[in-house]
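Below: one structure, written as structure tokens.
Computed from heavy atoms alone, side chains included, the values below leave out hydrogens, waters and symmetry copies.
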Amino acid sequence: NPTPPASGHLQVLQWNASRSLHYPSWLAWCDRSPYDIIIAQETGWGMTGEWSTPQWHVLHGADRYASVLVMVRAALISREAISVAHHIPGRIMQVRLHLYRPHDIYAIYQHAWNSGGNVSQLLNKRKRVWTCLRDCISHTPARNLLLLGGDYNTPLDFDGQHIFTKDPKYAKAAQIDRDLFRTLVQDNRLAAIHTRVFHPTFVHGDHN
């Protein structure tokens, strides 16, 4: 069984599953894991729903092409103390944990960049996600703990304050709307925690 976290600390996993989650084996792995909260994208599950197991509360949102998942340890909170909102089905799901200090968890899956398609249409789809996410953050009470876990399909350039990656490959990124992501992070005083890792944890073609 997972070791309970130290007082005031939660262990969180954020992962893109690349449509590879086989539910029974995934659940067995989660049961053995040390995590309190798990956020994933691209589960490969086509339904939207909420259910509980002896160890987890599971919340899932999907549309035809996208999916997001949040799992919360049942030992952490009762199901009745969790609320969920699907702001963009399969793209932005908000899970609020009504704890002593409310926790707002956002599972996010931005449209992947593809310069070979209709770029104008893709930019509009991506802008919808950026705009919705900004609105969600602005409406989240300041006293709440805010956690955004997602595959943003967009790099962030090093700025020394909010964004910590120094990988020069990001300067060659194809996404022409990447400044929208950077501005969102800076304006809301967020910290891009994952990008503290110097070496990319995912490589697709020429982009990390």
What residues form a ring-ring contact (aromatic ring centres under 6.0 Å, His included) with Trp29, not counting sequence neighbours?
Trp26
Straight-line distance of Leu133 CG to Ser138 OG, nearest 0.5 Å:
10.0 Å
Less than 4.5 Å apart, side chain to side chain, heavy atoms only: is that true for Phe181 and Asn153?
no
Hey, could you give me the OG/CE distance between Ser33 and Met71, rounded to the nearest 0.5 Å?
8.0 Å
Short side-chain to backbone donor-acceptor contact, Arg182 and Arg178, under 3.5 Å
no
Decide side-chain contact (heavy atoms from CB on, under 4.5 Å) for Ile108 and Arg91; before the verdict, give the C-alpha distance in whole Å, the side-chain angles of both, and the deciding distance to 0.1 Å.
CA-CA 5 Å; Ile108 301 140; Arg91 297 286 176 182; over 6 Å; no
Would you confirm whether Asn118, through its side chain, and Gln121, through its main-chain N or O, come within 3.5 Å as a donor-acceptor pair?
yes
Given the rule in the side-chain hydrogen bond (donor to acceptor under 3.5 Å, both in side chains) test, do Gln94 and Asp104 qualify, once you have shown the distances and angles that lead to the verdict?
CA-CA 7 Å; Gln94 177 186 6; Asp104 279 293; 2.8 Å; yes
Is a donor on one side and an acceptor on the other found under 3.5 Å between the side chain of Arg126 and the backbone of His111?
yes
With no hydrogens and no angle check, is any side-chain donor or acceptor of Asn144 less than 3.5 Å from a backbone partner on Thr140?
no
Taking 4.0 angstrom as the limit, do Arg73 and Asp36 come out as a salt bridge?
no
How about Trp15 and Ile39: do any of their side-chain heavy atoms sit closer than 4.5 Å?
no
Val129 vs Ile92, side-chain contact (heavy atoms from CB on, under 4.5 Å): CA-CA, chis, key distance, verdict:
CA-CA 8 Å; Val129 173; Ile92 299 180; 4.0 Å; yes
Determine the interplanar angle of the Tyr152 and Trp130 rings, folded into 0 to 90°, and report it as parallel if under 30°, tilted if 30 to 60°, perpendicular if over 60°.
parallel
Would you check if Tyr35 and Cys30 make a side-chain contact, meaning some heavy-atom pair closer than 4.5 Å?
no
Side-chain touch Met93/Val84, heavy atoms, less than 4.5 angstrom:
yes
Any donor-acceptor N/O pair, Arg134 side chain to Ile137 backbone, under 3.5 Å:
no
CG on Leu97 to CD1 on Ile37, rounded to 0.5 Å:
5.5 Å
Expected output: side-chain Tyr109 to main-chain Asn16 donor-acceptor under 3.5 Å:
no
Would Leu21 and Trp45 count as a side-chain contact (heavy atoms from CB on, under 4.5 Å) here? Give the steps.
CA-CA 8 Å; Leu21 289 192; Trp45 308 344; 3.8 Å; yes
SG (Cys132) and NE2 (His87) are apart, to the nearest 0.5 Å, by 6.0 Å
Which pair of heavy atoms, one from Leu146 and one from Leu148, lies closest together, and at what distance?
CG-CD1, 3.3 Å
Can you name the residues that form a side chain to side chain contact (heavy atoms under 4.5 Å, CB included) with Lys127, not counting sequence neighbours?
Thr131
Okay, side chain of Asn188, backbone of Leu190: is any donor-acceptor separation there less than 3.5 Å?
no
Does the side chain of Leu59 reach to within under 4.5 Å of the side chain of Leu69, using non-hydrogen atoms?
no
Taking the side chain as everything from C-beta on, heavy atoms only, tell me whether Leu123 gets closer than 4.5 Å to Trp113.
yes
Is there a side-chain contact between Val95 and Ile82 in this structure, where contact means two heavy atoms from C-beta onward sitting under 4.5 Å apart?
yes
What's the verdict on side-chain hydrogen bond (donor to acceptor under 3.5 Å, both in side chains) for Thr48 and His86, showing C-alpha distance, side-chain angles and the deciding distance?
CA-CA 9 Å; Thr48 293; His86 300 274; 5.1 Å; no
Side-chain donor/acceptor of Arg101 to backbone N/O of Arg143, under 3.5 Å
yes
Would you say the side-chain atoms of Gln14 pair up with the backbone N or O of Gly150, donor to acceptor, closer than 3.5 Å?
yes
Tell me if the CZ atom of Arg19 is crowded by more than 12 foreign heavy atoms within 6.0 Å.
no
Output the distance between atom CD (Gln110) and atom CD (Gln41), rounded to the nearest 0.5 Å.
11.5 Å
With a cut-off of 3.5 Å and sequence neighbours excluded, list every side-chain donor-acceptor pair involving residues 60-68.
{"unit_1": "His60", "atom_1": "ND1", "unit_2": "Met47", "atom_2": "O", "d": "2.6"}
{"unit_1": "His60", "atom_1": "NE2", "unit_2": "Thr43", "atom_2": "OG1", "d": "2.8"}
{"unit_1": "Asp63", "atom_1": "OD1", "unit_2": "Tyr65", "atom_2": "N", "d": "2.9"}
{"unit_1": "Asp63", "atom_1": "OD1", "unit_2": "Ala66", "atom_2": "N", "d": "2.7"}
{"unit_1": "Ser67", "atom_1": "OG", "unit_2": "Thr43", "atom_2": "N", "d": "2.9"}
{"unit_1": "Ser67", "atom_1": "OG", "unit_2": "Thr43", "atom_2": "OG1", "d": "3.1"}

Distance, nearest 0.5 Å, that separates CG of Leu10 from CG of Leu99:
8.0 Å
In the structure I gave you, are the side-chain heavy atoms of Val58 and Trp51 within less than 4.5 Å of one another anywhere?
yes
If only atom types and distance count, is the side chain of His57 paired as donor or acceptor with the main-chain N or O of Ile77 below 3.5 Å?
yes
